[in-house]
Protein chains: 2
Amino acid sequence: MTQTPPRPPAGPPARRPVPTSADVARLAGVSRATVSYVLNNTSAVRISEPTRRRVREAAEELGYVPHAAARSLRAGRTRIVLLPTAHVPVGPLYGHFLNELQWALRRLDYTVVQYASMGLRGDEAARAWAELRPVAVVSFGAVDLTPFGVDILKRSGARAVITLGTRPVEGAHNVVMDQRRVGACAGAHLLERGYRRLGVVMPEEPGLNVFSAPRLEGVRGAAAGTDAEVVPLPLAYTEESAAALTARLPSLGVDAVFAYNDEYASLLLRALLDAGVSVPDDTALMGADDLLLGKLLRPRLSTVQVDMETGQHLAELVDRLVGDPDRTPDDHGHQAGHAPGHDLMAARAIRREST
Amino acid sequence: MTQTPPRPPAGPPARRPVPTSADVARLAGVSRATVSYVLNNTSAVRISEPTRRRVREAAEELGYVPHAAARSLRAGRTRIVLLPTAHVPVGPLYGHFLNELQWALRRLDYTVVQYASMGLRGDEAARAWAELRPVAVVSFGAVDLTPFGVDILKRSGARAVITLGTRPVEGAHNVVMDQRRVGACAGAHLLERGYRRLGVVMPEEPGLNVFSAPRLEGVRGAAAGTDAEVVPLPLAYTEESAAALTARLPSLGVDAVFAYNDEYASLLLRALLDAGVSVPDDTALMGADDLLLGKLLRPRLSTVQVDMETGQHLAELVDRLVGDPDRTPDDHGHQAGHAPGHDLMAARAIRREST
DNA sequence: TTGAAAGCGCTACCAG
DNA sequence: CTGGTAGCGCTTTCAA
């Protein structure tokens, strides 16, 4: 007799009701507790082998899968590491880094969740993230995290809030991946080569601003105190935009361009060559990120090589912070000073043929 | 009086306990029910404005954020759409598509979760996904979903399991994005131009196999029944590998190469030109995906343009399936036939200068 | 208009 | 070695 209680209260529209541990218990003829013990290999308790088998078989037969929400509700904590995603492809470099990070976190038994935070911004996003009760949040600058947002997350149980970017956010553990340094390298290189009017490509694609703005700032910093000038050059990733910019270039008097990265540089290089501009003689051109692409072009692109620490490293940092949340960031009373922050990035200029 | 019951049972190691709706209720001097009504704007019940204010203020003050797990546990269903991620950057084309999809799903009020499924494979992965009780799963071929895996997901409450790829999986709703067609286009184009020994680049980078294998298959299909031959050409994304392949090419007698996509094509093009091979006179070269890159090279790359339907479209499909799970896939008794499947991809060859 | 209480699925105590 | 049971945070009847 499948003595199902009439189930009057609120029918979840499930077609076949999803099997629960109680169902498994019933089928195996044991209690829910025993099911839990068996399926979690609880070492503190010894269950006879026949029972184990019965439980496992019952679970198998029903297609039982534990309910993560219920589990973490009971446990009072999750193993979720939240990676908010921006709304842009961030390029091969970051793609690789991100994959490494995911791998490493997974090995440490975290549940990596990339959360699409598109329409949201600032504290709104922080709230949405907090609803999942992640044990850690690693923000790549997809949204502007405020100190208040960090506080929301911390209060909701996040033991580590890590920002990867330029500006440290109060209360968060800031891992410096300072894009300014990329710009600074490029700027220094170009100045050293004798260029004095430096164009800096600013991609018009939305979201790339997170990277391009600090890179520009870095070039400005390098030029500060010299007689050199810095000219921002908006550019969309299309041939038309590149041609237009090329046409405008002479009137701007720019003698060298730092083109954000190798992809934009290659686009601009093509436009320059097609317009009969000699590179680097008429105009020098520099990329960044040291993509393979840059070596395939003629002239080969000078670039800025960016060494990012491994995702493994960052994953370990997450794990340490989760284990002991108040390490570096001075968290007494959330009136914290800026975290010193690790440094996961090094940059250096590589000269090839375009500068 | 903060009459906190001694909290003897099991201390979750929370530093400051995370505020719950009960805390809000206490502070506002109302019941938990009222808090829920106010914060969810439950229309079926009318709460006085002063009470609403008090509740909101209390929530604000405590930094209360609802607990998603508890909520969905109670509700019996989530709004999670799971996008399992592979372990490779999938290229700009798919990146764009993926972003569109996320946007669109978000607008439909789904919680988009990209789940890192790296070390897992097959049914193991399906289990892990099922633990989150997603209402829908959209799989890009990151893992090989089996009919059994699909069943696990369905039984755990997933109302839509969608696979994007070549082979339909039994029980899942298959959205055809048949990479074979890309290969077929390339093959047909090359044959039409009179080439008879077609090399097909197979990237050695792990994970790209999902795309490259069907593309190769497509070329084979195009060549079937003709006197043409097809030669797979393993290639890593490095200059060395490209140079090695170039050196080996003459002995293979290949007169045209379909280089998987424009990126690999540009790599190989460089190596060919450096070796003094004339393109297309000595060896023709064809890319795919119609990246901007292909137009920047000289000779300009012939390519296969891939029109993918918008993510918006797919999001709507997800929404429809969630609303009415047994639409197209014949689901009576999970002995289903293959879903006819929508078609989200069109491909056509574009001749430029390299073929 | 508001409160009391049941119960979603799970794990961890404490008895037996 | 196994079972009963409380309770995680939330929503939603039903009663007041």
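Numbered from 1 within each chain, the chains take letters A, B, ... in sequence-line order. Small disclaimer: the values here were computed from a predicted structure and weren't measured.
Residues A:Arg32 and B:Ala22 both approach DNA chain D. Their nearest nucleotides, taken by heavy-atom distance, put A:Arg32 toward the 5′ side. Positionally, the nearest nucleotide of DNA chain C for B:Ile47 lies more toward the 5' end than for the other of B:Ile47 and A:His67. Taking for each of A:Ala33 and B:Thr42 the nucleotide of DNA chain D with the nearest heavy atom, the 5'-most of the two is the partner of A:Ala33.
At the heavy-atom level, B:Thr51 lies under 4.0 Å from the strands shown only through sugar-phosphate atoms. As judged by a 4.0 angstrom heavy-atom cut-off over every strand, B:Val45 is placed among the base-contacting residues. Within 4.0 Å (heavy atoms only), B:Ser48 reaches sugar-phosphate atoms of the nucleic acid but no base atom.
Between the CZ atom of A:Arg26 and the P atom of D:dG4 there is a distance of 13 Å, given to the nearest Å. Across the protein-nucleic acid pair, B:Leu132 atom CG and C:dG9 atom P stand 16 Å apart, rounded to whole Å. Look at CG on A:Asn41: it is 12 Å from P on C:dT11, rounded to the nearest Å. The distance from atom OH of B:Tyr37 to atom C1' of C:dT2 is 8 Å, rounded to the nearest whole Å. Residue B:Leu39 contributes atom CG, which lies 16 Å from atom P of D:dG9 at whole-angstrom precision. The CG atom of A:Leu73 sits 8 Å away from the C1' atom of D:dC10 (whole-angstrom rounding). Atom CG of B:Asn40 is separated from atom C1' of D:dT12 by 11 Å (rounded to the nearest Å). Separating the CZ atom of B:Arg52 from the C1' atom of C:dT1 is a distance of 11 Å, rounded to the nearest angstrom.
Looking at the side chain of B:Arg71, the nearest of the listed nucleotides D:dG3, D:dT11, C:dG9 is D:dT11. Listed nucleotides C:dA12, D:dG9, D:dT13 differ in distance to B:Arg74; the shortest reach to its side chain belongs to D:dG9.
Between B:Arg155 and B:Asp151, at least one side-chain nitrogen of the basic residue sits less than 4.0 Å from a carboxylate oxygen of the acidic one, meeting the salt-bridge criterion.
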Let's go through B:Leu101 and B:Leu83 carefully: what are the C-alpha distance in whole Å and the side-chain angles of both, what is the deciding distance for side chain to side chain contact (heavy atoms under 4.5 Å, CB included) to 0.1 Å, and is it a yes or a no?
CA-CA 10 Å; B:Leu101 178 59; B:Leu83 307 183; 4.1 Å; yes
Start with the C-alpha distance between B:Arg71 and B:Asn40, add both sets of side-chain angles, then the distance that settles side chain to side chain contact (heavy atoms under 4.5 Å, CB included), and finish with yes or no.
CA-CA 11 Å; B:Arg71 186 186 298 221; B:Asn40 295 335; 4.0 Å; yes
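Contact annotation: A:Thr20 does not reach the phosphate of C:dG9 (side-chain N/O to OP1 or OP2, under 4.0 Å). Between B:Ser21 and D:dC10 there is a side-chain N or O to OP1 or OP2 distance below 4.0 Å. Under 4.0 angstrom from either OP1 or OP2 of D:dG3 there lies at least one side-chain N or O belonging to A:Thr34.
For B:Arg159 (side chain) and B:Val135 (main-chain N/O), no donor-acceptor pair under 3.5 Å exists by modelled atom type.
Across B:Gln102 and B:Gln114, no two heavy atoms sit closer than the pair OE1-NE2, 2.5 Å.
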